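Remarks on the structure that follows.
Sequential numbering from 1 along the given sequence is applied to the chain's residues. This one's a predicted model, so the numbers in the text were calculated from it and none came from an experiment.
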Amino acid sequence: MKIPTIHGYIDRRILINFSADPKSVEKIIPFPFRPKIYKGKAIVGICLIRLKDIKPKRISLFRWR
């Protein structure tokens with residue numbers, strides 16, 4: 001299956017990091033991933049991205065010689 005190419009702009013990026021109970025995080029994330037532990041807490045992050053003007057990338061139908 002060919003994945004379509006898209007064109008657009010990243011309007012805004014926000015990265016949110018926080019700590020959580022390692023045992024709770026281990027239940028959520030799939031194997032083989034393991035939580036990163038710092039000072040007894042698991043480090044968790046969420047990246048929020050707002051995209052702007054998203055559209056399929058233009059495909060050239062004619063070849064200019």
Side-chain angles (χ1 to χ4, degrees):
M1 178 177 172
K2 187 172 178 164
I3 298 173
T5 304
I6 60 172
H7 179 77
Y9 300 97
I10 296 175
D11 189 39
R12 181 180 297 158
R13 295 177 307 226
I14 299 173
L15 179 61
I16 301 169
N17 291 317
F18 54 97
S19 60
D21 177 50
K23 298 293 181 189
S24 299
V25 175
E26 284 177 351
K27 294 177 186 177
I28 298 171
I29 58 176
F31 179 80
F33 298 106
R34 293 177 294 145
K36 180 72 174 178
I37 308 297
Y38 179 74
K39 293 187 179 181
K41 298 285 186 177
I43 304 301
V44 183
I46 298 172
C47 184
L48 304 169
I49 301 174
R50 180 165 62 183
L51 303 173
K52 183 177 178 182
D53 299 330
I54 301 299
K55 55 190 169 193
K57 190 169 182 178
R58 188 174 253 179
I59 300 172
S60 177
L61 299 176
F62 302 100
R63 289 188 118 167
W64 299 98
R65 298 181 190 192

What's the spacing between [X] [atom1] and [Y] [atom2] if we round to 0.5 Å?
X: Phe18; Y: Ile43; atom1: CZ; atom2: CD1; answer: 10.0 Å
X: Ser24; Y: Ile29; atom1: OG; atom2: CD1; answer: 11.5 Å
X: Glu26; Y: Arg34; atom1: CD; atom2: CZ; answer: 9.5 Å
X: Ile54; Y: Ile6; atom1: CD1; atom2: CD1; answer: 5.0 Å
X: Lys52; Y: Ile10; atom1: NZ; atom2: CD1; answer: 13.0 Å
X: Lys55; Y: Thr5; atom1: NZ; atom2: OG1; answer: 14.5 Å

Single-linkage hydrophobic cluster, 4.5 Å side-chain cutoff, Ile46 and Ile14 together: yes

Ile16-Val25 co-clustered via ILVMFWY side chain contacts under 4.5 Å: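 As far as the 4.5 Å side-chain criterion goes, Val25 and Ile16 are connected within one cluster.
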
Partners passing side-chain hydrogen bond (donor to acceptor under 3.5 Å, both in side chains) against Asp53 (at least two apart in sequence or in another chain):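 With neighbours one apart ignored, the set is empty.
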
Nearest atoms (heavy-atom pairs only) where Pro22 meets Gly40: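 Result for this residue pair: CG-O, 3.5 Å.
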
Minimal non-hydrogen separation, Val44 against Ala20, with atom names: CG2-CB, 3.9 Å

